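One structure follows; several queries about it will come next.
The model shown is predicted, which means the values in this text are computed figures rather than measured ones. The sequence lines fix the lettering, A, B, ..., with proteins before strands; numbering per chain opens at 1.
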Amino acid sequence: MNQPVIAVENLRVSFGGTTAVDGVSFTLHAGRALALVGESGSGKSVTARSLLGLSGGRAAADALEICGQDARDLSDGQWRQIRGTRISMILQDALMALDPLRPVGREIGDALKAHGSAPASARRAQVIDALAAVRVPEPERRARQRSTELSGGMRQRALIAQALIGDPQVVIADEATTALDSQLTALVLSQLRDIKEQGRAVLMISHDLAQVAQLADDIAVMRQGKIVEFGPAIEVLGSPQHEYTKTLLQAVPSGVPRFSSLSPGSAVPQCPARPNTTSAALRVNSLSKSFGGHPAVQDVSFELPRGKTLGIVGESGSGKTTTARMVLGIERPDSGTVELLGQGFVPQRESARRELRRQMGAIYQNPLGSFDPRYSVSQLLTDALSQGRTKRSSQYRDEVARLLEQVELDPALGGRNPVELSGGQRQRLAIARALAAKPAVLILDEPVSALDVSVQATVLDLLDRIQLETGTSYLFISHDLSVIEHMSDAVAVMYQGRIVEQGPTEQIFGDPQQDYTKQLLSAMPRLR
Amino acid sequence: MSRTAKILSLAFIAFWLLTALAPSLIAPGDPLAINPAQAFQKPGLGHLFGTDESGRDVYTRVVHGARDSLFIGIAATALGMGLAIVLGTAAALSPRWLDEAILRVLEALYAVPSLLMALLIIAFTGPGVGPAIVAVGLSTAPGYARLVRSQIRTLRRSEMLEAATVLGRGPWAKVRNHLVPNALKPLLALVTLGIGQAVIWAAALSFLGLGTPPPAPEWGAMLSAGRTYLHLAWWMSLFPGLAIVVVAAGATLIGRALGGKVKAL
Amino acid sequence: MAYLGWAARKIGGALVVLWLVATAIFIGIRMIPGDPAEAIMGGPGSQASAEALAAARAEFGLDRPIGVQYLMYLGKLAQLDFGTSYSLKRPVTEVMGEVLPNTLWLALVSLAAAWLLALLFAAASMRASRLGSWLGSMFEIIAAAVPHFWLGSVLIMLFSSALGWLPAVDNGTAAGLLLPVLTLALPLAGFLTQLMRDSLAAAMGSQFALAARARGESRLMVFWRHGLRHASLPALNLTGWAFASLLSGAVVVEAIFARPGLGRSLLSAVLARDIPMVTGIALFSALVYILVMAVAEGIEKFIDPAGAGA
Amino acid sequence: MQKNQRAARVLSSALALGLVSAVLAGCSGTDTPSTADATAAPSAGGTLVYASGDAEPSCLDPHVGGNYPQALVSSQYLEPLFTKDAEGKIIPWLAESTEVSQDGLTRTIKLREGISFTDGTKLTSEAVKANIEHLQDPKTASSTGYLAVGKVKKIELPDELTAKLTLSAPDNALLESLSMPWTSIESPKALKRDQAANCAAPVGTGPFKVESWEHQKQVNLVRNEDYVAPVPEAGRSQQTAYLDGITWRFIPEAATRYAALQSGEVDVIDNAQPDTISSAAKDNALGHLDAPRPGASNRIELNSAKAPFDNAKVREAFIRSLDVNAGISSLYFDTAKRSYSLLSSVEPLGISDEALFTTDVAKANALLDEAGWTERDAAGYRAKDGKRLSVTFPVSTNQSVPAEQSLFQQFQASAKAVGFEVKIELLDLSSWYGALAKHEYNLVSAPYTKVGPSVLRILYHSDSTVPAPSGYFANNAQVKNDQLDKLLTEAEQTSDEAQRADLYAQAQKIVLEGYYVLPLYDQQNHFLYGKKVQGMGATTTVSSPTYYDVFLAK
C-alpha cells in the first residue's frame, strides 16, 4: 500500500489536568474515508483538531505525520502552511462556521490570501470556480452574500468550497451532517463522496453510525479518549466486537420495530397490550396559517387515535412546527379547528380551554428555554404538580420523586438548576413536567434532535415505556425519518405547508405513493 | 454568582450602608467642625486623610459624605428606574402606535446628554439637591426603560411563557410567577451599575457648584473645593475622588456579578 | 430603496424628537414662577429694563393665548431662529456655529481615542495570563468609575504642573488636545473595553474563527477580519450613548481645560439663565445626537446588514 | 446698576509689590517692582499671553454694563481723561487741564493736542460729548459709567479741544469718576456703529488695539503703532508699547490657570489663588503683583431693615462672635491683610477702628441675652418666642472666590457657637440679584469698586435703599440715617479738601459704630507672572494692570 497521508501513533491531548485523548493511533490513505465515531466528549473532535495543530490543549504523540511531514514540533507559522493547503476542515454548523458579518466569497478567498499573494482578481475567479465546483448556482452573486442570506443547502456548499479551495489532500468533516435534515445530510454526504473520489482522504467525525455507514471505508469507534474498535466499515458494522460499538449500533432507530429497545438495559415491556380503540384523542381539521401573505400551513387535517403515535415528518420549513403550535393553541390559525378528546380546543378563547389544557402537554427540541431559569428541578415539577400555585416542594415531595423516577432521573438532581443538567437529563425533566398533569396527548416537537444517538435511544425508549404505561397519545414531529419510522403508528409527510401523504408507518415507508415521499426516503441513511 | 462574590458584595453593600446610616460609628468626629489653626494638615496619624482649608478632618468628611452622595445616587436611580418600569412596561404591552410614541419620548430624553439635561433642569429650577436628583434620574431613565421594554418583549415571546400557557397557567400567574421576576433580575444588576454612575454624575453637578451646597460633606462638593488647592493639598481631592471611584467600581463589580452588562446603559 | 425608506423614517423620527425636546423646554420656561418675559431675559438678576421686557413680550407673544405662543415659538425654531442670547448679546445660531465645531472635534477625537484604547485593551486581554486579564478587567472597571472632573485635574497637575510635558490649555496644537482627550477617553474606554472584550472573546472562540484558523489564517488575521468586526458591533450599538456621555463630559472638560465649546457655553448660559441660549444648545445637542446615531446605525448596517451580530 | 461684578477673585500677598497699586496708569517713571533681575533693558517684540479667570465679557466696550473684567482688558486699548499720580492725586491724562466754576456747577475740560484714535479720528472735544452721551443713552445699558456721569446735565463745546460740562449739583468726585476705565474715551466715529460692532472692537487711543476676538477663547490685541503717550516718558527707546501684542485668554479654572503659568504657556494670570501666591513666593521664577482695588473694602453687610439685625445689639453680637483673623490668616496664607475700614486701603480718606471688631464671645452672648434671644432650641440655636435666631446669607458664586466661601463657612461654624444659625445659600449671579431684590437676605457680601470716597454715598445714603426700576439698590445694609445722609451729600459738594476728609470720616464712624458692616480685607486683586515678564507694575486708577511698559526678556 502507498504511503498514508495521515499517520498518528499514540496521540495524547490534555487540557489542564484532564486527558481528552489518550493514546490514539490510526492511519488514513488517499482516496479513502475514515470515520471517527463516538458520543460527545469522547475525544473525537479533539483528535481531529490535533491534526491541524488546533487542539487547544497540550498534544503529544509518538508519531504525527501529515502528508509525510512530521508535524509534532511545528511552529504556528509552519502549521499555517499546512492548514488549508494539505489538510482542511468542514465544521458542523454552516451558520456558525461562516462569519455572519462577511460575504462568503471573502471567507472562501481568505484561505488563498493566507497562503499566497495571488492578485485579488485571480482570487475572486478562483472563489467563483470553487463555488461552481460544489454546484452553487449563480456563484458570482452568492459570493457577495453573507451566510445569513443563503439557504441551508447553499451555505453547506459554501462551507465545503471553503475547505476545498486550497486543494488539500485531507478533509476533516467534523460533525458536518449533525442536525441537518435528511436532504441536507444527503447533500453533504454526496459532496464528501465526491471529495473522496477526487483522490483526497476524508476524516469524518460523527456520533451516528448510520450516517457514517454511507461513506466510511474504515471506522474507528472512540470512547473516553481511546479507540475501542478499529477496522473496515463492513466488519465494524457487520460484526462489532466491542460492547460499546454494539450499543451504538443498537441505538440507531431506523428499521427497528416499535417498542423494541434501542438502548441496553432499558426495560420496554415486551409484548404490550395496547388499547385498540378508534376514538380520536386529537382531531385536526384543515388548519391553515399564513405569515405576511406567505402560506406556512395549508389545509392540514389529521387524527391522532388514543394511545397511538402519529409522526409528522418533513424538511425544515415544511410547516411542522407551525402546525404543532396551532395544535397547542399558541399560534392562532387563520382557519380550521382542533378537537381534543372530542371537545373544541382551537380556536376557543384561552380562558375557555384552560381546563382542557391539562390534557395536552408539550416537549420542545431545546427544553431549557421553556424552564423558568430561576427554578430548580424540583421547583419546576412542584410548580407543574400544583398547577402553578406553589414552587415549594415540601408538600409535593413524594410526587416529585415519583415523577423523577418515572423518567429515570436520579432524585438527587432535584436541587439542581436545569442549566447544570445534560441534554438528555433536561429532556427527561421536560417529559416529567409534561406528565405531571397526566395528559392524554403529548406534542413532541423534535424532542431528540439535539441529542447524541446513544442518548436519543434512551429517551426514545423512555417515551415508548411511558406510552405503554399511561396510554398517552403522541404527536411526534421530527425531520429524522428513522426516528419517525421507529416511533410512529402512522405517519404524515409534510412538504411546503401541506400534508402530501399520510398513512400507517409500514405503508409510508414500505410503499410510498408520492414522488416527494419517495425522494425523501431515498435520501435516508440506513444501517439495516 | 459565586459564593465568594456573594459574600464580598454583601460586605461591600453592608459597609457603605453602615457608613451612610451611622457614619459616627466609623468616624466619630463632627464633619463640620472647623479649626483654622489646623488647616491643610498632611495625612497622618492625627488626621488619617489630612485636613481641609478650614481644618476640618477629611476622613470624617469622606465618611459622613457617603450619606449625601449615596442618597443622591440611589434616589436618582430609583427615580429613573421607577419611570423606566412604567414607560418600558407600557411600551412593551401597548399597541404599536403607543409603543412608537413612548420610544420617541425615550429618544428625546436620550438625545439630551445627562449633564446637559441636568443643567437644563437647573436653568429652570435653580441649583440644589432636588434638581440634581431629578436631572440624573430623568437622564438615566431612557436607558433603563429600553431594557425593561426589550426584556418584557423578549419574555412575552419566550418559550418559558409559552410553556406556562401550555401548562394551563392563567395570565395573572404568568405575570406574577415568571414575567415580573425574570424581568426584574437583569434590572437589579443594572441598578447596581447605575447607582455607581449616578453617584458620579451627581458629584459632577456638585463639582460645577450646582448640587449639594457646602459645607455639607458631599464628595463632589469636596472635590470641587479640593481642586482649588490641588497644588497645595492633594489629599483634599484624592480621598473624596477615591471614595467615588470605589463606590462606582464596586457597584460595577456587583452589577457584573449579578450578570449585568454595561451594554444596557 | 431600502436605504431611502430608512432615511425617511430616520428624519421623521428625528423631527419628532426635536419637537419633543422643544416642547419640553417651552413647558419648562412656562413653569418658572414669575414673569416669563423676565425668565427669558435671564431671571430676576438680569435686571432687565421695562423696555427690554416689553420687547421680549412682543417677540414671544407673551400677551397672546398660550397656544399662539407655542405656535410662534415652534414657528421660529422651524425657521432656525433661536433668538439672541441675552448674556452674549449675539444670535444663538452664530454662537453655536462657533462653539459646536470645537466640541464636536473634541468629542470625535475622544471617541476615536476611546475606541482605539478599548480595542488595544480588549486585544491585549485575549493573550493575557489569568493575572493579566484580572488586572485588565480591574483597570477597565476603575477607568469607567473615574469622574472626568477629577481625572482632568489630576492629569493637569501631573503632566503640566509637575512634569511640564504637556500644555494644560488648548494652544491649537495636537499636544494641547492630548490631556482633554485623555480625560474624556479614559473613562469611556473603560466602558467600551468591558463591552468589546466579551464579544471579542466570543468571536475569537467561535466556530468561524476556528474555521478561519483551519484555513491557515494566523491569529492576528482572525483578529483583524473577524474579531474586530464582532467586537465593534456592541460598542457601535452604544455609540449614541457614548457620544452623549462625551458631550456631558465636555461640560466639565471644557471648563477645566479652558476650551471654547458647547459645554462651556451651556454652563455659562445656565448660570446666566440665558434661556434662548439654553434652548439653542439643547436642540443643537439633540440634533447632533440624532445625526451621530444615524451615522452609527449606518455603519452598523454596513457591517451587519442582516442584524446577525447584534 | 453696577457694583463690581468680578467673576472670581483672589487673595493678596504681603509680598513683593504691595505698593504698586498707587502707581499711575501708564504714567510711570516709577520703577516697576521687580522680579529677581528687573534690570534688563527693555526690548521690543513678542506677544504676551494673559490668562484671565474672569468670565469673558459679553462686550469689550466698558461703557456697556461696566464690570471689572471689562476694565482689565479695555485698559489696554482705551484711555480715560484723568488718572492718578503716585501720591493718589488726580492728574489729567487725555485731558490737559481742567477747572471748575465757583459754584461747582460748571466743569471745563481741555484736551491734549495731537492724539488720535486708532481709526484715525482725532481726539477732540466732540469725542468727550459723544462719549458722555453714549454713557447716558439708555440703549447703551451702561451701569457703572452711567452713574459716574449722572450729574452731567449739558455739554457745550466752545472749541475743538474744550468741553464745558454743566452739572445738576456740585460733584467733587467727577474727576475720580472720569479716571475710571468705565468712562474711557472712545472714537466718536466708532461709537456710531451698531452696538454689536462696537462691542466686538472698541476704538480708543491706547497703546494696543483690538485685532480680533475669538469668542470663549481669547481676544487678540496688537500694538498701536501710532500710539502717542499723553504724558511722554523720558528714556524710553520707543514711544509705542514694547510688546507686539497681547493674547488675552479666558481660563476660568484656577488650578489650570496656575498650571499653565507654571509650564510657561501663559505669562500673566489674574485672580491668583492665595495658596498659589504663597507657593509662587517660594518660586523665584514667578512674580507677584498685589493691586487692591479702590472704593469699598470687601465686607459683609448686615441687613438692618430686617429682624434680627434690626437690633444693633444682635448685629454687634454677630460680629463679636466671629474669629475673622484666624480664618483670614489660614485661608489667605497671609496674602490678604485684615481691614477694619469701609474703604479700600488705597483710599486716603478711609478710617479704621480695630477695637469695634475684636472677637469677644462672652460679650456676644451677653448682647444676645440682652436682646431677648435667651431660649435654646433642640439644635442648640438661640430662639425667641419659639423663633430660631436664624439668618440667611446668599453668596454669589460668581463674586466669591473659594477661599472667601470657606471663610464664610467658618463664620457659620463660629456663629453657631453663640447660637446663630447662618444659612449660606450659594447662588448664581442672577438668583443672587433676585434674592437681594426681594430682600431675602440678612447678610450679604457685595463688593463695589469706584475711585474715591464718594462710593460711601452710593453704599450708605438712604436714597440707595430705594430700588431702581430693575429692583437693584446699593445700600444692602439698609442704613437710613438722616445725619449720615447729610454728611455724605455735603462731603460730595464741598470744594474744601480738609472739610471733605472730615465729613467722610464722620460718616464712616456712624456706619462702623452702628455695626452695619463687618469689614474683611481689601478687594483682592492679585496677578502672578512668569520670569520672562519684565516691567509689570503700572495700573489704572481701579488697579487693573497696564502693559505699556511691559516687555518680555529674551
How many angstroms lie between CG in B/Leu106 and CG in C/Leu20, if you round to the nearest 0.5 Å?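 B/Leu106 CG to C/Leu20 CG: 10.5 Å, rounded to 0.5 Å.
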So which part of B/Leu119 gets closer than 4.5 Å to some heavy atom of chain C, the side chain, the backbone, both or neither?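 B/Leu119 touches chain C through backbone and side-chain heavy atoms alike.
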Which atoms of C/Val16 approach chain B - backbone, side chain, both or neither, heavy atom under 4.5 Å: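 Side chain only.
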So for C/Ile25, is it side chain, backbone, both, or neither that comes closer than 4.5 Å to the heavy atoms of chain B?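 Both backbone and side chain.
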Beyond-backbone contact of B/Leu253 with C/Met138, side-chain heavy atoms, under 4.5 angstrom: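 Side chain of B/Leu253 against side chain of C/Met138, heavy atoms only: contact under 4.5 Å found.
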Side chain to side chain contact (heavy atoms under 4.5 Å, CB included), that's the test. Do B/Trp201 and C/Ser248 meet it? Break it down for me. CA-CA 9 Å; B/Trp201 287 124; C/Ser248 286; 3.4 Å; yes
Less than 4.5 Å apart, side chain to side chain, heavy atoms only: is that true for B/Val112 and C/Tyr289?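 The answer is no; the side chains never approach within 4.5 Å.
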Indicate the atoms forming the closest heavy-atom contact of B/Tyr110 with C/Ala244, along with that distance.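 Where B/Tyr110 meets C/Ala244 most closely, the heavy atoms are O-CB, 4.4 Å.
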Shorter than 4.5 Å, heavy atoms on both sides: which option in B/Gly241, B/Pro142, B/Gly196 has the most such pairs with chain C?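 The candidate making the most pairs under 4.5 Å is B/Gly241.
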Gap between atom CD1 of B/Ile200 and atom OG of C/Ser245 - 0.5 Å precision: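 It is 10.5 Å, given to the nearest 0.5 Å.
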Sort B/Val105 into side chain, backbone, both or neither according to what part of it lies under 4.5 angstrom from a heavy atom of chain C.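 Both backbone and side chain.
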Which side-chain N or O atoms in residues 207-214 of chain B pair as donor and acceptor under 3.5 Å with protein atoms at least two apart or in another chain?
none

Looking at side-chain heavy atoms only, is the closest gap between B/Val245 and C/Pro147 below 4.5 Å?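 Yes, side chains in contact.
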Can you measure from CD (B/Glu107) to CG (C/Leu18) and round to the nearest 0.5 angstrom?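 Taking CD in B/Glu107 and CG in C/Leu18, the distance rounds to 10.0 Å.
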Would you say CZ of B/Phe71 has more than 12 non-hydrogen atoms from neighbouring residues, nucleotides or ligands within 6.0 angstrom?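 No, not enclosed.
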Just give me the residue among B/Gly220, B/Ala248, B/Ala108 that pairs up with chain C most often, heavy atom to heavy atom, under 4.5 Å.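 Option with the greatest count: B/Ala108.
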Taking only residues two or more places apart in sequence or in another chain, which ones pass side chain to side chain contact (heavy atoms under 4.5 Å, CB included) with C/Leu108?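 With sequence neighbours excluded, C/Leu108 shows a side chain to side chain contact (heavy atoms under 4.5 Å, CB included) to C/Phe243, given in chain and number order.
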Interatomic distance, B/Thr252 atom OG1 to C/Ile142 atom CD1 [nearest 0.5 angstrom]: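 Atom-to-atom, B/Thr252:OG1 and C/Ile142:CD1 are 10.0 Å apart.
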State, with a plain yes or no, whether a side-chain heavy atom of B/Ser237 is found less than 4.5 Å away from one of C/Ser153.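 With C-beta onward as the side chain, the pair stays apart.
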Looking only at heavy atoms, which two atoms of B/Leu116 and C/Ser285 are closest? And how far apart?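 Reported closest heavy-atom pair: CD2-OG, 3.4 Å.
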What is the distance from atom CH2 of C/Trp150 to atom CD1 of B/Ile244, rounded to the nearest 0.5 Å?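 CD1 of B/Ile244 is found 8.5 Å from CH2 of C/Trp150.
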Chain B interface, residue from C/Ala250, C/Ala24, C/Ala144, C/Gly28 that has the most non-hydrogen pairs under 4.5 Å: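 The candidate making the most pairs under 4.5 Å is C/Gly28.
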Let me confirm one number: the CZ-CD distance from C/Phe191 to B/Gln197, rounded to the nearest 0.5 Å.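 Reported value, rounded in 0.5 Å steps: 3.5 Å.
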